[in-house]
Amino acid sequence: MDSLHFSEQHSADAQLKPHIIVFAGAKSGVGKTSVVANVAAAMAMRGKRVCVLDVDTGLSNINTLLGLRPAHRLEQLLFGEKTIAEVLLKTGEDVGVLSAVSLIGGAPVSAAQMTKLTEALTELEAQFDYFLIDTAATHTETVLRFIELAQSTFLVVSGDPAALTDAFALLKTLNSRQYSGSLRVVVNQAVDYPAATDIYRRFAAVAEKCLQLKVEYGGFVIRDENLPKAVALQMSVVDLAANSPASRCLFALADNIIKHIGSEMAGTGLLDYWQALLTPAPFKHAVADTAESEPTAAGNSWLAGDKAELSVSELSRRLLSAMKHQLLDQPDLERFTGEFVEAYCEQFGRFPNTFKQLFYRWLETENYAEPRLIELVTTLEALQAMRYQRPMFSLEENAARLVAQLQGQREQHKDLVEQLCAAYRQSFHEELFDAEQVLLERMQAEEFTEQRFEKLLEKLRDSFQARFKRPYQSRHELALASAVEALNVMGVDQQNLQDEITMLMHGFQLLGSRREKLLTALNALQNSDLPLVASAVRDN
């Protein structure tokens with residue numbers, strides 16, 4: 001598929017019900033839950049009302065990623081102990097989060113409980129425009145039903161070959177079940193845009209060649225150092241660093257969902273969607289699953305005969321024999337294993353006793369990448385918090401672990417403190433520390449010397465000049481400068497006055513000289529008995 005945009009879908013019906021969008025990941029560790037949480041936050045920042053339904057029975061950790069601590073469980077709603085408003089959690093971006101894991105594979109819901117659930121879903125449906133479903137990274141019947149009943153599904157993949165193989169196996173299963181919904185691929189943890197599109201093109205080409213199935217491009221999320229920081233701070237990366245590379249990708253994905261799903265498709269509604277989930281699957285799906293699961297190759301004829309007469313131990317022996325002789329391919333075997341464990345849990349209400357040993361062996365033998373191990377640890381912490389209604393580690397213990405981890409790493413320690421201060425500022429809209437008070441307290445310490453004070457004062461003066469473009473002067477210095485300036489002005493005025501006095505004295509001298517000359521002339525004329533001539537007087 002050449003187009004890198006959503007296909008436009010038009011509907012004449014007005015949007016009356018919220019949209020149901022499923023996010024699936026065929027393999028754990030691809031970052032599906034992180035994509036769901038951040039896309040929801042990005043859509044909320046665009047003014048949309050978004051709720052995340054967590055139905056991941058394997059790695060249910062969205063509460064931990066968003067820093068939420070559930071106080072109540074959905075079972076309390078079914079028994080009439082709590083309301084949907086009390087069970088529903090809200091993030092800082094006003095994203096609703098509801099864990100619905102307890103409704104999957106548990107005890108059947110009674111008629112009274114179904115009434116309460118219907119009322120709760122109806123109330124919830126009126127509060128949101130979009131419901132993002134975070135499913136488990138398996139190919140179980142439950143996950144397939146979640147995908148089939150939704151109009152839109154985003155399949156989150158990565159460049160890991162194992163993740164792409166599992167994603168192709170999921171497509172193969174959906175294709176055999178005649179899936180008719182819209183499925184789009186999101187490439188997560190991509191190195192850059194060209195690498196993401198290359199992964200998508202290769203994946204889409206294989207799907208079209210082998211399954212005659214076209215999958216659309218949904219977007220990509222670039223690898224970004226801010227993502228693990230956001231996980232550590234238990235907040236969305238779009239809130240922590242809105243302009244980071246990963247945040248820009250997530251905002252683009254959110255905008256495309258709003259534009260091409262929110263405005264051009266009619267929503268199915270949460271109540272109708274959940275009621276369809278509780279309805280038994282159509283018979284054609286069961287037939288398709290049976291036809292696909294039964295071996296057709298001649299080498300698998302060992303299963304021929306009346307299977308009802310075989311004991312569980314005999315079937316197990318034959319299955320193990322087939323595995324040793326490589327008669328089953330890996331995707332089919334993984335799907336069967338997931339369905340087998342799910343059926344066991346439904347039958348006996350618990351996992352097999354050997355599950356713990358198998359889990360440890362899986363961690364030892366699996367080439368477990370560090371991000372996947374971190375995700376697993378955070379999931380275990382979230383499960384502990386939901387089970388016992390308290391975090392696994394106290395704030396003091398977490399702080400001590402961080403300090404020990406950052407021992408000798410000055411820059412990392414400083415960076416973490418700055419991140420915590422930034423998170424506090426965003427949450428409470430004020431600074432964590434009063435800089436003036438902290439400075440005064442530091443000055444009272446014994447190790448604070450006069451030399452340090454002089455250096456600090458010099459730095460403050462330099463900062464003042466850089467900020468206000470003039471040297472710093474205290475009130476006394478300003479008063480003294482004003483007095484000096486006034487004295488200078490007075491000196492200038494005095495000099496001007498002195499100059500004026502000098503000029504006046506010179507004028508007086510000139511007038512006196514002319515007066516003397518005039519008197520002399522008059523006396524001379526009087527003595528000579530000559531008539532007084534005005535012109536002669538003027539000449540003198």
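Within the 4.5 Å cutoff, the side chain of V97 has heavy atoms near those of the T91 side chain. Side-chain atoms of I21 and F23, non-hydrogen and from C-beta on, do get closer than 4.5 Å to each other. Between L183 and L171, some side-chain heavy-atom pair lies under the 4.5 Å cut-off. Inter-residue side-chain proximity for L432 and R425 is flagged as unmet; no heavy-atom pair is nearer than 4.5 Å. Inter-residue side-chain proximity for L88 and Q127 is flagged as met; some heavy-atom pair is nearer than 4.5 Å.
Side-chain atoms of T153 and Y179 form a donor-acceptor pair, as typed in the model, at a separation below 3.5 Å. For the residue pair E430 and Y424, a side-chain donor N or O sits within less than 3.5 Å of a side-chain acceptor on the partner. At a cut-off of 3.5 Å, with distance as the only test, a side-chain donor of D224 or S244 sits close to an acceptor on the other residue. No hydrogens or angles considered: nothing links the side chains of S99 and D54 as a donor-acceptor pair under 3.5 Å. A donor atom on one side chain and an acceptor atom on the other are found under 3.5 Å apart for S236 and E93.
Contact record, A196 with V187: O-CG2, 3.6 Å, taken as the closest heavy-atom pair. Residues L250 and A42 come closest through the heavy atom pair O-CB, 4.1 Å. Nearest approach of V215 to Y200, heavy atoms of both residues: O-OH, 2.7 Å. Nearest heavy-atom pair, G159 versus L164, reported as atom, atom and distance to 0.1 Å: O-CD1, 4.2 Å. Annotation for D134 and V36: closest pair OD1-CG2, 4.1 Å, computed over non-hydrogen atoms. Heavy-atom minimum distance, V30 versus V156: CG2-O, 3.7 Å.
In this structure, OH in Y130 is found 15.0 Å from CG in L270, a value given to the nearest 0.5 Å. Remark: L170 CG to K172 NZ distance equals 12.5 Å, nearest 0.5 Å.
Using bins of under 30°, 30° to 60° and over 60° for the plane-to-plane angle, the ring pair F146/Y273 lands in the tilted bin.
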| request: Apply salt bridge (Lys or Arg N to Asp or Glu O under 4.0 Å) to D56 and K32, showing your working. | output: CA-CA 11 Å; D56 187 350; K32 167 184 56 65; 3.7 Å; yes
Exercise for review: Apply salt bridge (Lys or Arg N to Asp or Glu O under 4.0 Å) to the pair D192 and R223, showing each step before the final yes or no.
Suggested key: CA-CA 8 Å; D192 51 26; R223 193 177 301 162; over 6 Å; no
If you apply the rule salt bridge (Lys or Arg N to Asp or Glu O under 4.0 Å), what do you find for D255 with K259, and how did you get there? CA-CA 6 Å; D255 291 337; K259 178 180 179 181; over 6 Å; no
Worksheet entry | salt bridge (Lys or Arg N to Asp or Glu O under 4.0 Å) assessment of D129 paired with K48 | CA-CA 7 Å; D129 304 316; K48 300 301 178 182; 5.7 Å; no
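Listed by chain and residue number, L65 satisfy the side-chain contact (heavy atoms from CB on, under 4.5 Å) test with V231 (two or more places apart in sequence, or in another chain). Residues satisfying the side-chain contact (heavy atoms from CB on, under 4.5 Å) test with E119, not counting sequence neighbours, are T115.
No more than 12 heavy atoms of other residues, nucleotides or ligands lie within 6.0 Å of NZ in K414, so this atom counts as exposed by the packing criterion.
Legend: ring pair (Phe, Tyr, Trp, His ring centres under 6.0 Å) pairs involving residues 220-255, not counting sequence neighbours, sorted by first then second residue: Y193-F220.
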